[in-house]
There are 2 protein chains.
Amino acid sequence: MAVNLKQLAELLSLSQTTVSRALNGYPEVNAETRARVLEAVRETGYRPNRAAQRLATGKAFSIGLVMPIASGIDSDIHFGEFLAGLAEEAVEHDFHFVLNPSAPEDEEATFRRLAASGNVDAVFIAYMRANDPRIEMLKALSIPFVVHGRSIGGPRDYPYLDVDNTGAFYDAARLLMQLGHQRIALINGPEHLTFAIRRKKGLMRALAEKGFNLDEALVHHSAMTDEHGYRSMQRFLKRPNPPTAVLCSSTVTALGAVRAINQAGLVIGTDISLIAHDDVLPMLKPENFSVPLTTTRSSLRAAGARIAKRLIGGILDQGDYPEQELWRAELIVRASTGPAPDRQRNSGKTV
Amino acid sequence: MAVNLKQLAELLSLSQTTVSRALNGYPEVNAETRARVLEAVRETGYRPNRAAQRLATGKAFSIGLVMPIASGIDSDIHFGEFLAGLAEEAVEHDFHFVLNPSAPEDEEATFRRLAASGNVDAVFIAYMRANDPRIEMLKALSIPFVVHGRSIGGPRDYPYLDVDNTGAFYDAARLLMQLGHQRIALINGPEHLTFAIRRKKGLMRALAEKGFNLDEALVHHSAMTDEHGYRSMQRFLKRPNPPTAVLCSSTVTALGAVRAINQAGLVIGTDISLIAHDDVLPMLKPENFSVPLTTTRSSLRAAGARIAKRLIGGILDQGDYPEQELWRAELIVRASTGPAPDRQRNSGKTV
DNA sequence: AAATCCTCCCAAAGCGCTTTGAGTAATCTT
DNA sequence: AAGATTACTCAAAGCGCTTTGGGAGGATTT
């Protein structure tokens, strides 16, 4: 059924060498010949045998994934979505994964083993922490890698793809402040993860610009679940001087927050404004909330696909990708943001 | 650095053939010689080159995973936990994964491509539905597979690993009924998935044995999130004749249910009993609930590891595993179950 | 003592690709 | 017109393993 290179060469009355070169884009082959080869490939459905390629090139055509299994980092919905993006792109290029569940304390050994095994050409890491030791580790092992996120502190010259979390939450906060909000709460992700640190920073920056300080009591850090969103919001609302607006690190936490707000009898977009970061989770669209959510949007799945693309491009020496990418999140205004209640009354008077 | 077979053979003054046979457990090699080989392997740290093995044997040493990305099936915490088990075992045997995200409508094409690619020796599937078409599909493609769960209807002779969900919830319900409960609610998983169907059946069976009927109003189906657990429980409690006990399909939904119960001012284990199915999620231990939960326990991670073991064993023609396994869940009684309120009053009188 | 059978080991072929090192014909220099 | 380039193409060597088809030597049979 399946043809191999030898048969294909025979069919074309060419040598294997030439066919191989034609396929792999080497320059020393006639354009016309290359076209003939490509045509034959199409007709026969020829697919190079990966095992043979592996053996001949020494490349593994697979990428390593070290899955943190710490109790803090749940392999949650966000991770699954990201993984889907990675896998989508990988499957396209016929790349495999080596999944390595690893407790944080075994991480170094896991990386070492992975690098030594020759089973992967590159690895991917995420869930960056401040001064994350993994970057140095991977550099020392001199195995190509791309990280999703960025460390804070430590080396600066390493390949990453990150969302401009500071910018996203700065933009969001600024919008809220333009609407007159001053007491802005933050339902953030786990405290030690850099994306959460940066989001908080974005909020602080926006506040500082207008001469305000962040009230630490209005910042909660936790895993990004509905439940935590609910509890955090509830606690905010119980305060003597509750916030008039809230930023959520995920539409998942927003779900809980919205519930708490509704339960308190408040109207979103009027009594309280809410902006969530939208990872573009297929089952949780901000436009489907009872009050459509204003969001900072950046697709996790797209990030996964992009990282896979870079990883694979690097392994295949093809395509030229920037080493460091910072994606800007889009601020999309929907109905969950409105003028701050005080100001609303004011403007009512002046009109 | 890394030795290969040739060097190892030279070192031992043996032929590659003999060394290879010694390593792969062929009988025609002297026990003493084999011991020498094994010793040399230990000393040199020899690891066979997987690419070469692939090429020589035609095996891929990797297993395919078709990840459903339907909006109903979130790649949730349960899936991550299962995957960790799979991966743990796979990494042990140096097996790779081919992750295939696929929408349900593309499933067949995905399987077909996967089977034709020769990139995997076997595939794994889960989230069984009633009359699940995938079993026939995989049989037709004659690619080895193991399913997590069981279909209902359709062929019966296929390899699976399942938890006795009917039995688990039967046992749980029976315990409740022995405690005097008669109105038992069920917070179940998605309605179309077979594990949910079976759990409901287990409850019905226990009720029927004592001449009771299941009140359909006391059964809710949904994705197993905290939020859904909360809402379901809340709705149950609002009913004119609320249940005295509830079964939860996951400790995740139990989390929400417990919250709703507390909020209603009821005491778990006294006013209302609760039994949850415990998948042994590391971050959600039933014994850590404010009132430790009575559970039916069966580790998802262990199931993942077991399936990987069977898949790999089958590929390597080693080890003899049963084709069909039905794991019995343990019923572990903790503090969340107690006598039904009515009966409690009665016994109060009689004592 | 010859014939047969094990037991243990080996040389060599082959898996399907990439890559090295040449080689041929056509084109360009001088 | 001879030598130097250029543009294509090829044969063959490997990559590191498994597996086929023997084959030597000792033990067992007849």
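First the proteins, then the strands, lettered A, B, ... as listed; each starts at 1. In this text the structure is predicted, and so the values were computed from the model without any measurement. Any value given below was found using the heavy atoms of this structure, including those in side chains, with hydrogens, waters and symmetry copies removed.
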Out of A:F82, A:Y160, A:Y127, which residue meets the ring pair (Phe, Tyr, Trp, His ring centres under 6.0 Å) rule with A:H148? A:F82
Classify the nucleic acid contact of A:T57 as base, sugar-phosphate or nothing, counting any heavy atom under 4.0 Å across all strands shown. sugar-phosphate
Considering only nitrogen or oxygen atoms on both sides, find all protein atoms under 3.5 Å from nucleotides 9-11 of chain C and state each distance.
residue	atom	partner	partner atom	Å
C:dC9	OP1	B:T33	OG1	2.7
C:dC9	OP2	B:N30	N	3.1
C:dC9	OP2	B:T33	OG1	3.3
C:dC10	OP2	B:S15	N	2.8
C:dC10	OP2	B:S15	OG	3.1
C:dC10	OP2	B:T18	OG1	2.8
C:dC10	N4	B:R21	NH1	2.9
C:dA11	N7	B:T17	OG1	3.4
C:dA11	N6	B:T17	OG1	2.5

Between A:N4 and A:N49, a side-chain donor and acceptor under 3.5 Å: no
Using 4.0 Å as the upper bound for N to carboxylate O, is an ion pair formed by A:E108 and A:R134? no
Kindly write out the residues that satisfy salt bridge (Lys or Arg N to Asp or Glu O under 4.0 Å) with B:R306, not counting sequence neighbours, or none if the list is empty. B:E325
Step by step, would you call A:S20 with A:T17 a side chain to side chain donor-acceptor pair (under 3.5 Å)? CA-CA 5 Å; A:S20 171; A:T17 312; over 6 Å; no
First and last nucleotide of DNA chain D, 5' to 3', lying under 4.0 Å from heavy atoms of chain A: D:dC8 to D:dG16
cation_pi(B:R50, B:F61) dist<6.0 Å, angle<=45: yes
Is the shortest side-chain N to carboxylate O distance from B:R129 to B:E107 below 4.0 Å? yes
Checking B:V146 against B:Y158 for the side chain to side chain contact (heavy atoms under 4.5 Å, CB included) test, could you report, in this order, the C-alpha distance in whole Å, the side-chain angles of both residues, the deciding distance, and whether it holds? CA-CA 8 Å; B:V146 171; B:Y158 59 92; over 6 Å; no
